Student: 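Next up is a structure, given as structure tokens.
Every chain is numbered from 1 and lettered A, B, ... according to where its sequence line falls, protein lines coming before strand lines. All figures in this text were calculated on a predicted structure; none of them were measured in a lab.
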Number of protein chains: 2
Amino acid sequence: MTSELIPAEFRGNLGFLVAKAKQLLSDELDVALRDSGLQIRHFAVLSLIRRRAGLRQTDLCEVLGVDRTTMVKVVDDLEGAGLLRREPHAADRRAHALQLTEAGEQWHSRTLVPVMDHEQQFLAPLSPGERALLQEMLTRLVDSALVRSADQKLARHP
Amino acid sequence: MTSELIPAEFRGNLGFLVAKAKQLLSDELDVALRDSGLQIRHFAVLSLIRRRAGLRQTDLCEVLGVDRTTMVKVVDDLEGAGLLRREPHAADRRAHALQLTEAGEQWHSRTLVPVMDHEQQFLAPLSPGERALLQEMLTRLVDSALVRSADQKLARHP
DNA sequence: CCATATGATCAGTTTTGCTGATCATATGGC
DNA sequence: GCCATATGATCAGCAAAACTGATCATATGG
């Protein structure tokens, strides 16, 4: 038995399901981040830099699918909040090597807790095995779509 | 062996995977709709009305998670393009009963082909059984999150 | 060493979504 | 039946968001 909340014509439509899942997940996350004044992308940027200190802004743009001029603003915000620093990049003097500050590390750690909580709540209807399967399948789909997209880009710029 | 396109710290993050999948799917769809001058939401509205003639604009807003003032514009666009009509609603004279025109039916049928093609291409890395499983799991997650969200709304307005 | 490409930034514009108001009608208590 | 309140649709105007094109500094490959 299923509720009436998902229209029948969209139950079989992956695009709708994925878009709706994204909407629900990011609305929840937005609420969790509200009082910090930051957005999901700010959190994502900190997550990336935390694991790979020294990333350039362009690297973040590529991974997150964000425009470079938009990323300037995002990094401005984070630097203004004292959560990261733009440091000189060892290998390229045009670029910045982004580094978390101590406050950035702490904020990220602290914020990770409710973020993971929300994700777990969302995943509650699945068994642990199903969760692993879902993750694996999504990874496979996204990875393969990214490869295809990169190939197309290469084909246009030979 | 996996490519480097998904950062390791995000492979286990459902939010990132879902957001990325949505980004990839809707970018493809945008391209497919480009020459029509319409967007994904226009297509979604036509899909809904086609199955359930007589829906009101508010009904569409709820299902699609779109603001009511935004929906006015979307329906304006579709009516202007001759794809649907606002007809008087039998049970509520404030509301419009939305109906596809003949042109709307045709455009939807024609557009459905590339839309489904893109979805199939995206799903290519999964076996038929896996696709069914993915769809079922996503439906379960979205449905349950919608129920939770509706409960919270009820709790605020007792 | 020069031509071209790339990283970052900024000003200015376009696009988008939303707020709050308005009008018409509906609904529920009395 | 009547009024208070809620709801559907619309609009004008505002505010945030994203993009365009330019600029400057530096890198890279021939």
Student: Would you check, one step at a time, whether the test salt bridge (Lys or Arg N to Asp or Glu O under 4.0 Å) holds for B/Asp143 with A/Lys20?
Tutor: CA-CA 10 Å; B/Asp143 206 70; A/Lys20 205 71 195 172; over 6 Å; no
Student: Assess whether atom CD of B/Glu105 is packed by more than 12 heavy atoms of other residues, nucleotides or ligands within 6.0 Å.
Tutor: yes
Student: Pick the nucleotide of DNA chain D nearest each of A/Arg94 and A/Val66; which residue has the one closer to the 5' end?
Tutor: A/Val66
Student: When rounded to the nearest 0.5 angstrom, what is the spacing between CG in B/Leu84 and CZ in B/Arg50?
Tutor: 13.0 Å
Student: Take the protein atom CG of B/Asp30 and the nucleotide atom P of D/dC19, then report the distance between them rounded to whole Å.
Tutor: 12 Å
Student: Using nucleotides 12-17 of chain D, report all nitrogen or oxygen pairs with the protein that are shorter than 3.5 Å.
Tutor:
residue : atom : partner : partner atom : Å
D/dA17  : OP1  : A/Gln39 : NE2          : 3.2

Student: Would you give the length of the straight line joining atom CG of A/Leu146 to atom CD of B/Gln23, rounded to the nearest 0.5 angstrom?
Tutor: 8.5 Å
Student: State whether A/Asp151 and A/Arg148 are salt-bridged, where the test is any N-O pair (Lys NZ or Arg NE/NH1/NH2 against Asp/Glu carboxylate O) under 4.0 Å.
Tutor: no
Student: Parallel under 30°, tilted from 30 to 60°, perpendicular over 60°: which one fits the rings of B/Trp107 and B/Phe43?
Tutor: perpendicular
Student: Measure the spacing between CG of B/Leu60 and CG of B/Leu98 and express it to the nearest 0.5 Å.
Tutor: 6.0 Å
Student: How many angstroms lie between CD1 in B/Ile40 and OG in B/Ser47, if you round to the nearest 0.5 Å?
Tutor: 11.0 Å
Student: Angle between the two end axes of the helix from C/dC1-D/dG30 to C/dC30-D/dG1, five base pairs per end, rounded to 10 degrees?
Tutor: 40°
Student: Going 5' to 3' along DNA chain C, between which two nucleotides do contacts with chain B fall, using a heavy-atom cut-off of 4.0 Å?
Tutor: C/dT16 to C/dA26
Student: Is there a path of hydrophobic side-chain contacts, each under 4.5 Å between heavy atoms of I, L, V, M, F, W or Y residues, that connects A/Val31 with A/Leu112?
Tutor: no
Student: Under 4.0 Å between any heavy atoms, over every strand shown, what does A/His96 touch: base, sugar-phosphate, or nothing? Just pick one.
Tutor: sugar-phosphate
Student: May I ask you to decide whether B/Lys73 forms a salt bridge with B/Asp77, counting only side-chain N to carboxylate O separations under 4.0 Å?
Tutor: yes
